[in-house]
Structures are given as C-alpha cells and as structure tokens.
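Remarks on the structure that follows.
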Amino acid sequence: MDLFNREGFVRKKCESCGKHFWTLNQERTRCDDQPCSPYTFIGDPPTSKRLSYVETWNAVERFFKKNGHTIVKRYPVVSRWRPDLYFTVASIIDFQRVEGGKVVFALPANPLVVPQMCVRFNDVPTVGVNGKHGTSFCMIGQTALANREGYWKDRTIDLDFELLTKVFGIPKEEVSFDEDVWMGYGAFGYSLQYNVRGLETGNAVFTAFEGSPEKYVPLKERVVDMGAGLERLTWLSQGTPTAYDSYLAPVLRRMKKENAVEYDEALFRKYAALAGEINLDEYRNLDDARLKIAKSLGRDASDLAKQFGALEALYAIADHTRTLLFAIADGMLPSNSGGGYNLRMVYRRARNFINYYKFKLTVPDLIDWHIDQLRGMYPELAGHDSDVKDVLGVEESRFLSSAERVAKIVSSISSEGKELSTDDLVRLYDSDGVTPEQLAEAGARASPPEGFYEKVQARHLSREIEQPKLQFDTSRISATRLWYYEEGAPLDFTARVVKVFQGNHVVLDRTVFYPRGGGQEPDRGTLGGAEVVDIEKYGDVVIHKVKGKAPRAGTRVECHVDQRRRRRVTQIHSATHVLNGASREVLGPWVWQHSAFKEEDYGRIDITHFSHLTGVEVQKIEDLANDVVRRDLPVTNTFMPRQEAEKKYGFRLYQGGVVPGKLVRVVDIGGWDIEACGGTHVSSTGEVGLIKVTKVERVQDGVERLEFVAGEAAIEYMHRMDSELSELSAVLNTQRENLPKVARGILRDLEESRAREKSLGETIVEMSSTGVAAEAKDVGAARLYVSKNPPMGEEQIIGQGQKSVSSEPSLIYVAIFSTGKSARIVCFVGQEAMKAGFSAVEIVRQLAPTLGGSGGGSPSFAQGGGPLAGKVDEAASIAQGLLPNSTS
RNA sequence: GGGCCGGUAGUUCAAUCUGGUAGAAUGCCUCCCUCGCACGGAGGAGGUCGGGGGUUCAAAUCCCCCCCGGUCCA
C-alpha cells in the first residue's frame, strides 16, 4: 500500500486477537477495535470540529465530489431488485444484480459515493443498549471499478485517509488499519478496516474474486466497496456517550422535552464506554453482558438497568421509528410474515417502551421529527409523510388489539395461580406473543426463564428445502429464437426440430409458442400435428411438451398456436397490469404486485395492502381500470438495458419480482402502468374490452387477492351470470327484480316453519310421555317400558324418555329404532329403578350386541346401537324380558 | 417461507385430553318490583360447535384435507 510506505506505517500483530494492523504509533501493541481497545473518544473527540449528522454527510459529499466522484441518490431500503433479500443491508447491494444465477456489478457511475440507508434486524435487543447498534444506519458507499475511470487500492486508501485526517482533522497517528478478508453476497476480497480511538469508522473491501475462498474465480472487473458508517463519523466528531446522542440528537431533544429522564451523567459516561462491548455474538444474553459491566463499575446490575432503562428506551424508540419511516416510505408494510414481520416487531418494541415508561410520545410526532432532521439529506421523506402515518395508524390499532389480547391471557393465567413450566412459557410466547416478563409482572407464578430464547429458537429449526433439479440437460443446445417477442410473428409457422427429450419434449430452433413465465400460463396448439400441452423455458431453451406422436429431431414441422387461447390470455395479462395500476391509484403507493396468475378463463393478482378491501374500494378499482380500457391507451413493449430502465422508471419496474438478464422488457400501458414483464400484451387497452373483479380474498397478512375476468372471458362470465339469474328466477317463479324480496320471504317462511316444527315436537313429547307409565309392565320393584320404532325423531325420543323417568322414578325407558342404515338404542332408568338394581348403561350393553354394535353412557342414561337395522324386533323382545338381577 | 396456538349463542368463554342429552356469564326480549331510573326477582328467545371428508352404533370431542384469525422465527 502506497500510503503506508509514504507515511511510514508499521505492520503489527495484535497481542489480543492476533489480527495484523497498520499504525504510525510505534507503542501500539493491540489493534484499535473492540474489544481489544476501549473507546477513548467519549468526552474527547479527536476531530477538529463538532458536526451534526447532516453536516457530517455534507462534508463527506463535498470531499468526494471535489475528488471526481458522482454522488448518487440513495436506493430504497427495500431491495426489490434482489429476490434473495428483503432489505438493503449494505451500500454495495445497490449495485449488484443477479443475472443467470450469478451476482454481477452494475454501477450507474464510476467512481461514485452513495449515502445508502441500510436496514438490519439481526441485533434488535442491543439497539438502544450498546450505544452504537441501530436497525437502520447510513452507509456511505464509496464504490469504484478498478479501471481507467475508477481506481483500486491505493487511491481508495489515500482518499479515505485524507478524509479522516484533513476533512475531519483527526491526527494521522490516531488512524490505524486492520487487515482482513471480507466475504459476502457471492464475492470477496482483501479488506482494510479504519479504526480511530477504539471505533471502527469504515471498511474498504477490495472485491477481486467471485465465489468463496474454497472455490473461486477472479472477477472480470474488480470492485472497490468502501462502506463508512455516517453515524460512527458523527459520533466520533461529537464524542457523546452514545452514538444515538450524536446522530439522533435533534429528535432526542424533542423527545426529552416532555419526558425528562434523570440519571447520573458521569456514571453513564463510564457505563456507555463499556456498553459498547455488548454484542450478542459474544454474550449469551443481554443480562450477562450487563452483569459484566456492572461488576467492573462496582455496581449492581439491576440498579444499572433501573437507572438507565428509560434513557435506553428513548434511544430505541428513536431508532425504531426512523427505520419504520424509511422502510414504509420505500414501500414495505408491517405484517406477520416476510420482511414485514421485522417492521411489526420494531413497531411493537417501540410502543411497548412508550407504554412501559409512560412516555408522552406519539409515533406520528416522531415521524415528523425524523423527517425534519433528515430534510437536508433525504428530502424525499417529506413526500411520504401521510402514507407512512396511514400505514402506522393501521399498525397502531393492531398493536392495541394485540395488547388487549395479551392482557386478557395474562390476567386469566395469573388468576389461575398455576405454576408455569418453561415449556408453558415458551408455548405462550411462541403462539400468543406473551412474554415471561409480562407474566411475572402480573404476578403469575413463572419459573425463571433459563435458556428461554434458545428454547424458542429450537422450535423453529427448519430443514433445508431441496431445489428441484432441472429435468433436462440443455447445456449443449443453443438458445431458441424467441420469435414470440418479435413484431409481426406469425401464429402459424414452421420450425426445425433441434432435439427431443424423453420422447415427448420438443426443442425447436425458433418458436412463437409462449412458454410459462411471469405468471402467464403457456400457449397451446399443435406442433407437427401433435398437441402441445405444456411449454417451459429452461435457461434460454424453450421446451414444448406434446401429447401424441412427437416429430423426429432434424425434421421441419408446421406449428399452429391456438389463437383463441393466446388472445384471451393476452387480454387477461394486460388487464392485470391495468388493475395493478388502478389499485395503487385507489389505495396508495404501498400497493405492489405480490404475485399474479393469468389463465385463459380468469386472472388473479395479489397486491400488498394493509387491510381488507371494502366493496367500495373494489368498485373504485374496477371503475378506474375500465376507464383506462375505454381510453384505449397505447401499450408498448421495449427491450432496454437494465440500468437505463431502472434510471428512467425506478424500481416500480419490478412488480412481479426481478427479471433476470442484462436486457429488460419494459411494458408501458400508456404511461399508466410501467413494469418489466416478459408476457404477451394487447397493443392498446381498448382490446381488453372489459374488466370485472369476481372475487376478493386475503391471502396473508398484508396481501389481498383480486380474481377477475377480462376481454372475451369477461363477456362469457356475464353470459353465465345472466343465465344463472334466469334459471334462479324460473325456479322461484318470479321476475329478476323481485329475486331479493322473494328469497328473503322464503328464508323467513323457513325460519317460521322450523320454529313450528320444534314446538310441535315438544307437544308430541309432552302428550306421549304421559301414556308411557301406563303402558309399562312391572319388573320387580321397577316398571319397564319398551318402545319399538316410535313415530318420533331421535331428539323427541330422548325428550320423552327423560320426561317419563322424571315423572315416574320407578320407570325404565327403552326405545329401539332404526335410522335407515343402522339401529339405535336409547335408555333411561329412573331414580327408584336404579335402586332396584337397573342400570341404563348395562341394559344398552346387553342389547347392543344383538344389533352388531355397542354403547355407553351413565347408569341413568345411555345410548347405543349397531349396524344391523333388521334386528330391531329381536332386540326389542330381548328388552321385554329384562330382569333386575340380569342388569346389575 | 416455516413452526405453533386458536375458531362453540350477538359478545367473552367452558365442555375437546378421557366420544354418549351443547353449557355459563354478559348482552337482548317479556313480565314483576318502581312515580321513573338503577338495583333486584321470574321467565324467554338466541347454536350449520369454521367448512368438507373419514373412523364409530354414536363426533364439538379422534384422524385427514381445506378455510379463517392470531403469534413466533428465518
């Protein structure tokens, strides 16, 4: 490294961790990173100036601009262009695209610097506590390709050293560099980490290889990926006890205005210097880490938690609301699965802190304060102000109802006073969201949650899902010419058969058959006389599955695409785009297409939205969509380089997920909806004819499904509905307009007659049970009544039996009857009869075998039966012969 | 994406483990008490036990599939 020679840096090995590092300070024996060295900048910042968050960025921006860098606007924190990630976790993610299963770098400028807000949820419990972790942070991404416009190692280090020493005025000997190798996201390289007074301020990765250290190839183009934490630089320049006190200062000031937190500031500075060591990788849990800090301060751990808990809660609230602001402004919704779960989790964590410490704070205020603070750096946030508050308003009501639910569970458990095992606690937390802390506070008897979170974790160990293997080896076959994408491609065409797999999977040299893709179902038709039943794309080879005799390889075949099907699927596909645009317009900017499906007869689009669609909303969407259809807007398909498309249209392009490849096909529905899409489309919206939403349902939290018909399928749907209505009015013998009235009348009549039937049944029971005792015959001290197939329903029989024995306690009531496919026995034994030695359950057990079954119940009432319906008579005559001693 | 918990009267829930007449509280209706209200008293209405299939003489209960809600984790 040029700089090291020029300035006289020496390479040393840290006596604590063993890493190599470069420094100007001859005395240094340990690397200047945690935990080898403590923070020494707190209360004593090494920089020449005290800078705010935005001022720090402005200084960085000015410096790199002056040195020939393009300053790029931040990318969304929701990484739509990366199917393998929910959030932008590092600045380099902005410039990575997946093409053909490989990560490629695509820079909009070279060299460049981006103030990339990043979101990470992997150490939420330490946020607010360890002084530096946040769920969001701004990574200053200095990115360059190692070519003529850009640069490689020396220039990177020169620039960053100059930034630290000249711009921020840090003495040269205070800056040291740790050597390492950095890996991640499919590429790796040598790295240098910049440390100042115990704080890591940046990390430059010189990405030179693709793959992993075990198996790698040199990258075609090497990339400099330097990331510096803006929060860290701000902190360093202010020397505040925690990073939060620096980069969140304006927000914290407003938070504290009505929420004075009192604590020993001198003690807190000492505590904060040590709190930086809290890192869940090294400590089993927060309590252990706190215990260690408490010990070295000579304090009690619970005392420290009590003393600083409220302050730490304020930090966490500030952090969490800032993350929510960015994530929701960039289109993510809180939910119970996927990346949305992280948002729900931090929202609830923040809200619980507000409740617990009874802070006078509202989330919408906090959102405003963050927007205010960041205005000079991220002015776009202000434009999302009301959307973010709308979404959080919904989330708030969910939080409240969930809190209510938890409170109910907690109070019912604590009132039971039962001792809870760890398993109980784990189950309660996992399935109901009730934490052990909440239970303990309510006075429930809970055993200490030793290894609690490990137990929860253990319940979620999931097995790896195996990737389905490619069925065919297409590596030796050249790409199929995708004729269907070409203007004026004929639906009847000839092509040469290149290869036939497994006797019925045909590869052609060119094809107009549209394969399954982007949620659109494949074409049908004939290929050399054989019926085409399925079409899939494997890489860039299209494989047609045929039924019947497949043509031989090398022959020329005539192909005919099913025109009717193609036309109908096309209409539905374009309708999907129109509906997507209409939904976003009607509902809000958080609406994205989650997934979609287009068949010949109907289509389906899943959109992200936070609540159930109302009838009015659906109607608005439908009306707007049909308005777009009537305006007959032109639809264009254009292939363009990915970068150009992203630049021109933004990430809204990626509605159905990312499209792989260097070129993307941009489908523009008259400027109304623009998406990257590989499907077939109409040439103007008028061809869609009509769009009708047929069904709305919720797929999962935050995702609503619209089922619809369009074009010819919509007309057919109308016909079908119409004839069903006709049929219905014929059945009910009325005119259509009277149908609702007539149906309501029928329903009312039905209810009335049910009520009549019920009271009639009761009358029958009432009248008939008086005659039972008279017909009974003496059996010892008891009286026996056996009825065979009484003319009543089962319910009435039970009613009659019950009534009879209660008015005549010496009575034994036995009813044996057939239900058609089987025989049943119902038996009641009155109080006196029981004393005389009779038992209902014994009687049933004695009779049931005759019917080929069994029975059960109590001595006073039992039921039974069997499948032999024809043996009712036989069973009845056995019942007639019952004797007292035979059943006891 | 995966795991777990739940769905019974308008509402909150019991009965499910261990199959045998679906229950309580509350709200609602009627009546009594009262100048009236509240309280109190008497009576009454209110249920496809989320849906479907299976096992069984018999399923709210056991088994399978699906739907819906909640929750945790990646």
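Numbers restart at 1 for each chain; the letters A, B, ... are given by sequence-line order, proteins then strands. The structure presented is a predicted model; accordingly, all values stated were derived computationally and were not measured.
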By nearest-nucleotide position on RNA chain B, the 5'-leaning member of A/Gly857 and A/Gly865 is A/Gly857
Which residue lies toward the 5' end of RNA chain B, A/Tyr429 or A/Arg698, if each is placed at its nearest nucleotide?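 The residue closer to the strand's 5' end, by nearest nucleotide, is A/Arg698.
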Gap in Å between the two [atom1] atoms, one belonging to [N] and one to [M], rounded:
| N | M | atom1 | answer |
| --- | --- | --- | --- |
| B/U8 | B/U61 | C1' | 12 Å |
| B/G53 | B/G41 | C1' | 50 Å |
| B/A60 | B/G51 | C1' | 14 Å |
| B/G46 | B/A24 | C1' | 15 Å |
| B/A38 | B/C32 | P | 15 Å |
| B/C67 | B/C31 | P | 49 Å |

Are A/Tyr717 and A/Tyr602 near enough that their ring centres are under 6.0 Å apart? no
Does the gap between the ring centers of A/Trp81 and A/Tyr75 come in under 6.0 Å? yes
N/O (side chain, A/His612) to phosphate O (OP1/OP2, B/G69) under 4.0 Å: yes
For B/U71, does either OP1 or OP2 sit under 4.0 Å from a side-chain N or O belonging to A/Ser402?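 Answer is yes, contact under 4.0 Å.
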Checking A/Tyr347 against A/His320 for the side-chain contact (heavy atoms from CB on, under 4.5 Å) test, could you report, in this order, the C-alpha distance in whole Å, the side-chain angles of both residues, the deciding distance, and whether it holds? CA-CA 7 Å; A/Tyr347 185 83; A/His320 293 354; over 6 Å; no
Can you check side-chain contact (heavy atoms from CB on, under 4.5 Å) on A/Lys788 and A/Asp873, steps first, answer last? CA-CA 7 Å; A/Lys788 193 174 72 186; A/Asp873 289 341; 3.0 Å; yes
Straight-line distance of A/Thr435 OG1 to A/Leu439 CG, nearest 0.5 Å: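 Spacing of OG1 (A/Thr435) from CG (A/Leu439) equals 6.5 Å.
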If you round to the nearest 0.5 Å, how far is CG of A/Leu868 from OG1 of A/Thr850?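 These two atoms lie 9.0 Å from each other.
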In whole angstroms, how far is the [atom2] atom of [N] from the [atom1] atom of [X]?
| X | N | atom1 | atom2 | value |
| --- | --- | --- | --- | --- |
| A/Glu795 | B/G20 | CD | P | 17 Å |
| A/Arg824 | B/G19 | CZ | C1' | 12 Å |
| A/Phe817 | B/A58 | CZ | C1' | 11 Å |
| A/Asn336 | B/G3 | CG | P | 14 Å |
| A/Met345 | B/U71 | CE | C1' | 14 Å |
| A/Arg398 | B/G69 | CZ | P | 9 Å |
| A/Asp432 | B/G69 | CG | P | 17 Å |
| A/Arg344 | B/C72 | CZ | P | 8 Å |

Ignoring hydrogens and geometry beyond distance, is the side chain of [X] in donor-acceptor contact with the base of [N] at under 3.5 Å?
| X | N | answer |
| --- | --- | --- |
| A/Ser854 | B/C57 | yes |
| A/Arg427 | B/C4 | no |
| A/Asp430 | B/G3 | yes |

Mind checking [X] for me? I need base, sugar-phosphate or nothing, with any heavy atom below 4.0 Å counting as a touch.
| X | result |
| --- | --- |
| A/Gly864 | base |
| A/Gly338 | base |
| A/Gln802 | base |
| A/Leu851 | nothing |

Options [options], nucleotide nearest the side-chain atoms of [X]:
| X | options | value |
| --- | --- | --- |
| A/Ile798 | B/U21, B/G1, B/G69 | B/U21 |
| A/Ser431 | B/C5, B/C68, B/U21 | B/C5 |
| A/Lys408 | B/C4, B/C72, B/C13 | B/C13 |
| A/Pro867 | B/G1, B/C72, B/C57 | B/C57 |

Begin with the C-alpha distance, continue with both residues' side-chain angles, and end with the deciding distance and a verdict on ring pair (Phe, Tyr, Trp, His ring centres under 6.0 Å) for A/Trp182 and A/Phe188. CA-CA 6 Å; A/Trp182 196 90; A/Phe188 67 99; over 10 Å; no
For RNA chain B, please output the secondary structure as dot-bracket, reading 5' to 3'. Pairs are Watson-Crick or G-U wobble, both atom distances under 3.5 Å; mark crossing pairs with [ ], other-strand partners with |, unpaired with a dot. (((((((..((((......[..)))).(((((.......))))).....(((((..]....)))))))))))).
Is it true that A/Asp123 and A/Arg120 have a side-chain N and a carboxylate O under 4.0 angstrom from each other? no
Going through the distances and angles, do A/Asp432 and A/Arg427 end up as a salt bridge (Lys or Arg N to Asp or Glu O under 4.0 Å)? CA-CA 8 Å; A/Asp432 295 300; A/Arg427 191 179 43 74; 5.1 Å; no
